[in-house]
Colleague: 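Mind having a look at this structure? Questions to follow.
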There are 2 protein chains.
Amino acid sequence: MKNADVHHPIFDEIADLARTLGHAHRLVLLRHIADGELAVEQLTQLSGIALANTSQHLQHLKRAGLVQTRRDGKRVLYRLADGPIENVLTALRSLANHRREQIRELINDTMSRPDRLENISREELVRRMRDDEIVLLDVRPQEEYAAGHLPGAINIPVGELEERLAELPREKVIVAYCRGVQCVLSADALAILRARGWASRRFEGGFPEWLTPSLDVDGMDYESG
Amino acid sequence: MKNADVHHPIFDEIADLARTLGHAHRLVLLRHIADGELAVEQLTQLSGIALANTSQHLQHLKRAGLVQTRRDGKRVLYRLADGPIENVLTALRSLANHRREQIRELINDTMSRPDRLENISREELVRRMRDDEIVLLDVRPQEEYAAGHLPGAINIPVGELEERLAELPREKVIVAYCRGVQCVLSADALAILRARGWASRRFEGGFPEWLTPSLDVDGMDYESG
DNA sequence: CATTCATTCAATGTATTGATTGATTGATAG
DNA sequence: CTATCAATCAATCAATACATTGAATGAATG
């Protein structure tokens, strides 16, 4: 027996639908439209999306059968199509909230035991990097990063951190590091990150500790083999 | 008052989630995983998706928090994460079904009055093209199409129609045309399209009628202005 | 500790998607 | 008929997403 039923075109149709919902602008537009019929320009004002762009997203929604239109003089009014559209939006929203809460718990775990757990050991670092639970953040100046850094680390100097927070994934724990124990860059970074709600920790030893594996590790050979 | 609350990051998070569901492969994988823990290779066999590709999609799902993993010997087992995931899938599926039914009604409308409505008038054609309800299909050979065709028409010669059906949108009525009343190409096309479940009609006059506006039109001037 | 198996990573090419700009269409008012 | 306003189209560019390939990792087995 082949697995023919699995390639059923319904999966493509559902995927198309989901992709249509896969853009914040379209979700915003849908939400407004759900409150009642609106013209394109009203929607641009409510949403702050540029006119032509709004029009394109609206037509995407129309193609997908999620909204319908009618003309009223010069204006084109958009309304929600019938069908269980709001169910889908509600379900998505509640799933997103569920995830948010889980992340919040993670943050609280970390923050309720502030200093004991602020530092992360090398073993935990390696393990959780492998399991993709954390993101390594190198907060040293760009030149130092270029000269060498921990594998997988992304580089955002502390000075630029505030404005580049968008580059960090919301659902992971951020582990910041800098030049080592005596360096305060990563501590500053933690302050910023925690103020903005990220779960964050510190790899205290920084780049130097990474280069000297024998300090607190038992039998792993990195460069000696 | 600004519309700041509208740019709430929750919209981005929901959009990310929706995009994750926006690919047929991931939906297929999710469906299988929902039946119980499965290893990557089992999933490749059930789904027919290439190994590395399966792995990538699975990791996409994991990043999005929809599945979780554990190791069992050499294998990595994927299971559904908790949270209202199945609600979302159910809601999406029922919305997709709703749309399917609407399309089916449309088809039945067309097919139950076969000959009366098989032909589409020029006015109806123009109006429904404008409202984006139909897709114009030119089934003549590629050279004739290149020499001139109706605005917006796509060209698929009848001979290639079977294998290129995927290029046609499922949710619109297909209007086929060819060289004119005495030409049977578009009639053949209709047979193929209807057998595959498309709502389809025929612009009987074909390309020639389009070029001679005065035949059955009242006051529109096309090339006489 | 070399081999094998399951999975993941990394790199590449290609296709899609989205934002932006300026031109165009459709409907109304003067 | 022309001017004006609302909306859409068309074209372009940058960014992203996917599939595919071959290499690399991690765990078990002999």
Side-chain angles (χ1 to χ4, degrees), chain A residues 11-12 15-16 18-29 33 37-45 47-64 67-78 126-127 129-132 151-152 166-167 219-222 225, chain B residues 11-12 15-16 18-29 37-45 47-64 67 69-78 126-127 129-132 151-152 166-167 169 220-222 225:
Chain A
F11 284 107
D12 286 291
D16 286 348
R19 254 202 315 279
T20 300
L21 299 176
H23 194 292
H25 285 175
R26 287 192 288 271
L27 293 174
V28 170
L29 292 172
I33 291 172
E37 246 185 358
L38 285 170
V40 180
E41 198 173 21
Q42 298 179 286
L43 283 166
T44 68
Q45 291 173 357
S47 66
I49 305 167
L51 177 66
N53 201 5
T54 302
S55 177
Q56 285 192 164
H57 283 299
L58 287 171
Q59 280 168 71
H60 192 152
L61 290 170
K62 187 180 176 189
R63 251 177 275 131
V67 301
Q68 296 179 327
T69 60
R70 80 182 167 89
R71 240 203 147 91
D72 170 35
K74 313 183 184 181
R75 298 181 311 163
V76 174
L77 300 182
Y78 280 80
V126 169
R127 178 173 55 76
M129 272 298 276
R130 193 194 54 204
D131 292 352
D132 205 31
E167 299 173 30
M220 311 166 80
D221 48 356
Y222 282 80
Chain B
F11 284 107
D12 286 291
D16 286 348
R19 253 200 317 279
T20 300
L21 299 176
H23 194 291
H25 285 176
R26 288 193 287 271
L27 293 175
V28 169
L29 291 172
E37 247 186 358
L38 286 170
V40 180
E41 198 173 20
Q42 298 179 286
L43 284 166
T44 69
Q45 291 174 357
S47 66
I49 305 167
L51 177 65
N53 202 3
T54 303
S55 177
Q56 285 191 166
H57 283 299
L58 287 171
Q59 279 169 71
H60 193 152
L61 290 169
K62 187 181 175 187
R63 251 179 276 131
V67 301
T69 60
R70 81 183 166 89
R71 242 205 144 91
D72 170 35
K74 312 184 184 180
R75 298 181 311 163
V76 175
L77 300 180
Y78 281 79
V126 169
R127 178 173 54 77
M129 272 297 276
R130 195 194 53 205
D131 293 350
D132 204 30
E167 299 173 30
M220 310 165 82
D221 47 355
Y222 282 80

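We name chains A, B, ... by the order of the sequence lines, and we start the count at 1 in each one. All values reported here derive from a predicted model rather than from experimental measurement.
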Colleague: Of the nucleotides C:dT7, D:dA28, D:dA11, which has the atom closest to the A:Q56 side chain?
Modeller: D:dA11
Colleague: Expressed in angstrom and rounded to an integer, what is the separation of A:Q59 atom CD from C:dT25 atom P?
Modeller: 16 Å
Colleague: Taking the side chain as every heavy atom from C-beta outward, state whether A:T69 and A:R71 have any atom pair closer than 4.5 Å.
Modeller: no
Colleague: Would you say B:S55 places a side-chain N or O within less than 4.0 Å of OP1 or OP2 belonging to C:dT7?
Modeller: no
Colleague: Given side chains that start at C-beta, do those of A:I49 and A:L29 come closer than 4.5 Å, heavy atoms only?
Modeller: yes
Colleague: Once you measure the plane-to-plane angle for B:H23 and B:H57, does it fall in the parallel (<30°), tilted (30-60°) or perpendicular (>60°) bin?
Modeller: tilted
Colleague: Separation of A:D72 atom CG from C:dT28 atom P, in whole Å?
Modeller: 9 Å
Colleague: Over all strands shown, is A:L58 touching base, sugar-phosphate only, or nothing at heavy-atom distances under 4.0 angstrom?
Modeller: nothing
Colleague: Quick check on C:dG18: is either OP1 or OP2 less than 4.0 Å from any side-chain nitrogen or oxygen of A:R26?
Modeller: yes
Colleague: Which nucleotide in the set C:dT8, D:dA7, C:dG22 lies at the smallest distance from any side-chain heavy atom of B:Y78?
Modeller: C:dT8
Colleague: For the pair made of NE2 in A:H60 and P in C:dA19, what is the distance, rounded to whole Å?
Modeller: 12 Å
Colleague: Could you tell me the separation between the CZ atom of B:R71 and the P atom of C:dC5, rounded to a whole number of Å?
Modeller: 16 Å
Colleague: Answer with base, sugar-phosphate or nothing: what part of the nucleic acid does B:A39 contact at a heavy-atom distance below 4.0 Å?
Modeller: sugar-phosphate
Colleague: Rounded to the Å, how far apart are A:L29 CG and C:dA19 P?
Modeller: 11 Å
Colleague: What's the closest nucleotide to the A:H23 side chain, out of C:dG18, C:dT7, D:dT20?
Modeller: C:dG18
Colleague: Within this structure, what is the CZ-to-C1' distance between B:R70 and C:dA6, rounded to whole angstrom?
Modeller: 15 Å
Colleague: I'd like to check the salt bridge (charged side-chain N to carboxylate O under 4.0 Å, His left out) partners of B:E41; sequence neighbours left out, ordered by chain and number.
Modeller: none
Colleague: Over how many whole Å does the gap from A:R19 atom CZ to D:dA17 atom P extend?
Modeller: 12 Å
Colleague: Ignoring the backbone of B:V76, work out which of D:dA6, D:dC18, C:dT8 is nearest its side chain.
Modeller: C:dT8
Colleague: Rounded to whole angstrom units, what separation is found between the CG atom of B:L51 and the P atom of D:dA23?
Modeller: 16 Å
Colleague: Measure from the side chain of A:H25, starting at C-beta and using heavy atoms only, and say which of C:dA6, C:dG22, C:dA19 lies closest.
Modeller: C:dA19
Colleague: Could you check A:R19, A:R26, A:H25 and say which one makes a side chain to side chain donor-acceptor pair (under 3.5 Å) with A:H60?
Modeller: A:R26
Colleague: Between A:H57 and B:K74, just flag the one whose closest nucleotide in DNA chain C comes earlier from the 5' side.
Modeller: B:K74
Colleague: Side chain of A:N53, heavy atoms from C-beta onward: which of C:dT20, C:dT8, D:dA19 has the nearest atom to it?
Modeller: C:dT20
